[in-house]
Number of protein chains: 2
Amino acid sequence: MPSKHRSDALAAIHETAADLHRVGGMDQKTMRKFDALCLTPIQEMTPKKIRALRTREKASQTVFAAYLNVTPGLVSKWERGEKHPQGASLKLLSLVDKKGLEVVA
Amino acid sequence: MPSKHRSDALAAIHETAADLHRVGGMDQKTMRKFDALCLTPIQEMTPKKIRALRTREKASQTVFAAYLNVTPGLVSKWERGEKHPQGASLKLLSLVDKKGLEVVA
DNA sequence: TAAAGTCTAGCACTTAGTGCCATAGATTAC
DNA sequence: GTAATCTATGGCACTAAGTGCTAGACTTTA
């Protein structure tokens, strides 16, 4: 069940080939919508994936939490399925998944 | 009023010079606490700073929100001071502030 | 003139996230 | 051997961040 706002970005791209051909004429300031297309899709994060991610980075829950600017207790809850990251938290986890902990340092 | 968990990372570092000298002997897997020290401090984000940040990146609220995986409405609320980003959201904004929108693409 | 993008705004609502504390199993120090 | 520290779980109460929806006004593009 993809939430509505997820498709807002996609909705912003209901421009067809006509726009694409125009991209060449855009200066860097206005080709925002096109950039949005290049966002890495965000997959859901299961408890197992989160823990695997953290252990892959060889960080304790406390340290991992510090990197994400959240509480250690929350990381524990994520890994036990008590709470489910979404929005900015999910984005941050995806970032770490893709690029490693260092990028958020 | 720095929240408690903010100092957890710092609390994890109540190791003195004795530990620091030991760092040389640590392998990469266990020098976590030391890494935590290198986290860029997170400053609070005022509405003005958020808007300045977004306009600096030349993104509409909708596109900006897409990057952060939040709703456009929330970005609007941040910029009007109706809601205050914290935790993962704040971390994400700080990241964009420091490294630009591209790093979260 | 219409269509679409941009932002504000309000309202109802859910639940993520915090704070605190107590427990217990590992490690490490002394 | 035992005290300290790190580790993680778990519970409980609570706040407010964040979502969803919708309508309005303004500006830009076609």
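The structure presented is a predicted model; accordingly, all values stated were derived computationally and were not measured. Residue numbers start from 1 in every chain, and the chains themselves are labelled A, B, ... in the order their sequence lines are given, proteins ahead of strands.
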Would you say B/Arg51 and B/Thr55 are linked by a side-chain donor-acceptor pair, where the criterion is simply a distance under 3.5 Å?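 No, because no side-chain N or O of B/Thr55 sits under 3.5 Å from a partner of the opposite role on B/Arg51.
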Would you tell me if any nitrogen or oxygen in the side chain of [X] comes within less than 4.0 Å of OP1 or OP2 on [N]?
X       : N      : value
B/Trp78 : D/dG18 : yes
B/Thr71 : D/dG18 : no
A/Ser89 : C/dG17 : yes

Working to the nearest 0.5 Å, report the span between CG of A/Asn69 and CG of A/Leu74.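 Here the rounded value is 11.0 Å.
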Can you measure [X] atom [atom1] to [N] atom [atom2] for me and round it to whole angstrom units?
X       : N      : atom1 : atom2 : result
A/Arg51 : D/dT7  : CZ    : P     : 14 Å
A/Lys58 : D/dT7  : NZ    : P     : 15 Å
B/Leu68 : D/dG18 : CG    : C1'   : 13 Å
A/Leu74 : C/dT15 : CG    : C1'   : 12 Å
B/Leu90 : C/dG17 : CG    : C1'   : 14 Å
B/Leu92 : D/dG18 : CG    : P     : 11 Å
A/Asn69 : C/dG17 : CG    : P     : 12 Å
B/Glu79 : C/dA9  : CD    : P     : 12 Å

Return yes if the base of D/dT19 and the side-chain atoms of B/Lys83 contain a donor-acceptor N/O pair under 3.5 Å, otherwise no.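 A donor-acceptor contact between them is absent.
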For the side chain of [X], counting heavy atoms from C-beta on, which of [options] is nearest?
X       : options               : result
A/Ser60 : D/dG18, D/dT7, C/dC7  : D/dT7
B/Ser76 : C/dT8, C/dT6, D/dT19  : C/dT8
B/Gln61 : D/dA17, C/dT8, D/dA8  : C/dT8
A/Pro85 : D/dA8, C/dT18, C/dG17 : C/dG17
B/Arg80 : D/dG18, C/dA9, C/dT6  : C/dA9
B/Lys77 : D/dT9, D/dG20, C/dC7  : D/dG20

Short N-O contact, A/Glu79 and A/Lys48, less than 4.0 angstrom: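 Looking at A/Glu79 and A/Lys48, the cut-off is not met.
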Earlier contact from the 5' end, DNA chain C, for B/Glu82 and B/Val75: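 Residue closer to the 5' terminus by nearest nucleotide: B/Val75.
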Verify side-chain contact (heavy atoms from CB on, under 4.5 Å) between B/Leu93 and B/Val96, making sure each step is shown before the conclusion. CA-CA 5 Å; B/Leu93 287 170; B/Val96 173; 5.6 Å; no
Could you walk me through whether A/Arg54 and A/Leu101 pass side-chain contact (heavy atoms from CB on, under 4.5 Å), step by step? CA-CA 9 Å; A/Arg54 177 176 62 83; A/Leu101 256 190; over 6 Å; no
